[in-house]
Amino acid sequence: MAGGKLQAPRGTFDVLPQDGERREALREASDELLGLAGYAPFETPVFEDTEVFARGVGQSTDIVQKEMFTFEDKGGRSLTLRPEGTAGACRAYVEHGMHKLAQPVKLRYWGPFFRHEAPQAGRYRQFNQIGAEALGSDDPSLDAELILLLAELLADAEVECRLRLSSLGNAATRAAYGDELRTYLRSREDELSDEARGRIDANPLRAFDSDHESTRAVMAGAPLLVDRLDPADAEHFAEVRAFLDDAGQEYDLDPTLVRGLDYYTRTVFEFDSPALGAQSGVGGGGRYDGLVEQLGGPPTPGVGWAAGIERILLAGAPGEALGLPVAYVAVTAPDHRLTAFKITDALRGRGVKAQMEQAGRSMKGQLKQADRLGATHVVVVGEQIEVKDMDSGEQGPVADIHELLERVAL
Ligand code: HAM
């Protein structure tokens, strides 16, 4: 057959069987954690009208300007593979009249997202996020609850990280502050990088992100938004912090924290992990009190976060065995396979992870395979049935299936 070697597209990856279990364990842990806090499972399509992101994420962001996978469908509509989940969640909130439900509406999601970025370790073009959103209330306890849930999720996954926290105030304060910052940046325009200079009009805040040395020096003397918050926003931020302080959650107040999306108001936060190097953001989010309205809904506050699943797994501790018993059912000769099959099924019925020999191995090969699978017990099916405990090395016959299950199951 003609043709070159086929590979997964640039910036994408396959989840191989040996990596799948850690992902599944993370999913189960996060479902439980968020479920206990009332965040219901929720899904939106992986593509939306381009308009959802253009209006939601913001025209001046890198995401909308450079990173979206946008295409036309056969009817000439412009569609975009979702680069993030919040705009779609708000679109669904409006479309389904969720403002009529009891508020806040708490949602959680898990799935693939797409950004056309330069691939490197921890940065992909198709990646997965776990996210949580609470719509319909501006109660500062929600901001704190969400931050603490993400902190707990990351701690469970053994991700070493630090939390940066700030407040962006409201749209009017931001606009006035934007003017003040623009005036300041123009007064020192010569010292700025070309990129920062080019963004003075559209997005002056991004200058705080710059790696350019003299831009950084200019930004060190720049006015800060946290010093300009109006009293209600300052009070809201103080309340969020009081909840976090009371819970013993550590954070760094970082007035230069800039998130790459335009919809944020009030609280913003990000968890960074040194284990990730340049791509240090493992998860982040904030409040977006104007977004639902911007997408055509009634004025509705909202707050949430998303975290990169690959980044959590990259930065976290290598997965530990779950501590459940694992049984391997070996046969001394092929005519015992029927019994082995039945025993394997009975073990699974008792919550034991069990596999039988299915590749025609010799007894030696079967024991090696049991070892590879991390078996805690090997059941040897022959004229009689024996159970070997792999920890103690003890091996002995069992009288019947009941004794077998007692020996293997916890
Ligand atoms: P974000 O900070 O753009 O926020 O993305 C959240 C997380 O997704 C990042 O911290 C990172 O772990 C992961 N991530 C982003 N881009 C990539 C990539 N190219 N490769 C691998 N992982 C990536 C949002 O998406 C907001 N929707 C969060 C939010 C929810 N704000 C309020 N509600």
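Because the structure is a prediction, the values reported are computed rather than measured. Atoms within each ligand, like the ligands themselves, are counted from 1 in listed order.
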Item to check | Per-residue contact class, Arg123 against ligand 1 - non-hydrogen pairs under 4.0 Å | outcome: both
Checklist outcome for this item: protein heavy-atom neighbour closest to atom 4 (O) of ligand 1 works out as Arg259 NH2, 2.9 Å
Checklist entry - Should the ring pair Phe113 and Tyr109 be called parallel, tilted or perpendicular, given that the plane angle runs from 0 to 90° and is split at 30 and 60? => result tilted
Item to check | Student check: side-chain heavy atoms of Tyr184 and Ile200 closer than 4.5 Å | outcome: no
Checklist entry - At a non-hydrogen distance cut-off of under 4.0 Å, which region of Tyr263 contacts ligand 1 (side chain, backbone, both, or neither)? => result side chain
Item to check | Element-labelled atoms of ligand 1 that are located less than 4.0 Å from some non-hydrogen atom of Glu133 | outcome: 30 (C), 32 (C), 33 (N)
Checklist entry - Which protein heavy atom lies closest to atom 31 (N) of ligand 1, and at what distance to 0.1 Å? => result Tyr264 OH, 2.6 Å
Checklist entry - Any N or O on Tyr288 sitting closer than 3.5 Å to an N or O of ligand 1? => result no
Checklist outcome for this item: Nearest non-hydrogen protein atom to atom 5 (O) of ligand 1, with distance, is Gln129 NE2, 3.2 Å
Checklist entry - Between Asn170 and Asp289, do the side chains contain an N or O donor and an N or O acceptor separated by less than 3.5 Å? => result no
Item to check | Ligand-side contact atoms (ligand 1) for residue partner Gly283, heavy atom cut-off under 4.0 Å | outcome: 10 (O)
Item to check | Donor-acceptor pair between Glu133 and Tyr39 side chains, under 3.5 angstrom | outcome: no
Item to check | Residue, atom name and distance, where the atom is the protein heavy atom closest to atom 18 (C) of ligand 1 | outcome: Phe127 CD2, 3.4 Å
Checklist entry - Taking heavy atoms and a distance under 4.0 Å, where does Arg125 meet ligand 1: side chain, backbone, both or neither? => result neither
Next on the checklist: To the nearest 0.5 Å, what is the distance between CG on Asp230 and OG1 on Thr173?
Outcome noted: 4.5 Å
Checklist entry - Quick one: does Glu117 get an N or O within less than 3.5 Å of an N or O on ligand 1? => result yes
Next on the checklist: Using the side chain to side chain donor-acceptor pair (under 3.5 Å) definition, which of the options Tyr264, Tyr263, Trp305 pairs with Thr86?
Outcome noted: Tyr263
Item to check | Glu310 heavy atom under 4.0 Å from ligand 1 | outcome: no
Next on the checklist: Going by the closest heavy atom to atom 12 (O) of ligand 1, which one wins out of Val268, Val282, Val57?
Outcome noted: Val282
Item to check | Shortest protein contact, atom 27 (N) of ligand 1 (heavy atom only) | outcome: Glu84 OE1, 2.6 Å
Item to check | Lys353 NZ to Leu373 CG distance, which is reported to the nearest 0.5 Å | outcome: 8.5 Å
Checklist outcome for this item: Rounded to the nearest 0.5 angstrom, the CZ-CG distance for Arg108 and Asp31 is 4.0 Å
Next on the checklist: Using 0.5 Å steps for rounding, measure from the CZ atom of Arg22 to the CD1 atom of Ile312.
Outcome noted: 10.5 Å
Next on the checklist: Considering non-hydrogen atoms of the protein only, which is the closest contact for atom 20 (N) of ligand 1, and what is the distance?
Outcome noted: Tyr124 N, 3.0 Å
Item to check | Aromatic plane relationship, His116 with Phe69 - under 30° parallel, 30 to 60° tilted, over 60° perpendicular | outcome: tilted
Item to check | Gly260 to ligand 1, any heavy atom closer than 4.0 Å | outcome: no
Checklist outcome for this item: So CZ of Arg241 and OG of Ser167: to nearest 0.5 Å the spacing works out to 9.0 Å
Next on the checklist: Please list the nearest protein heavy atom to atom 9 (C) of ligand 1 with its residue and the distance rounded to 0.1 Å.
Outcome noted: Gly281 O, 4.0 Å
Checklist entry - Nearest non-hydrogen atom to atom 21 (C) of ligand 1 belongs to which of Gly308, Ala306, Gly122? => result Gly122
Checklist entry - Does ligand 1 have an atom under 4.0 Å from some heavy atom of Gly286? => result yes
Item to check | Heavy-atom nearest neighbour in the protein, as seen from atom 32 (C) of ligand 1, with distance rounded to 0.1 Å | outcome: Gly304 O, 3.2 Å
Next on the checklist: Taking atom CD as the centre, does Gln120 end up with more than 12 heavy-atom neighbours from other residues, nucleotides or ligands that are less than 6.0 angstrom away?
Outcome noted: yes
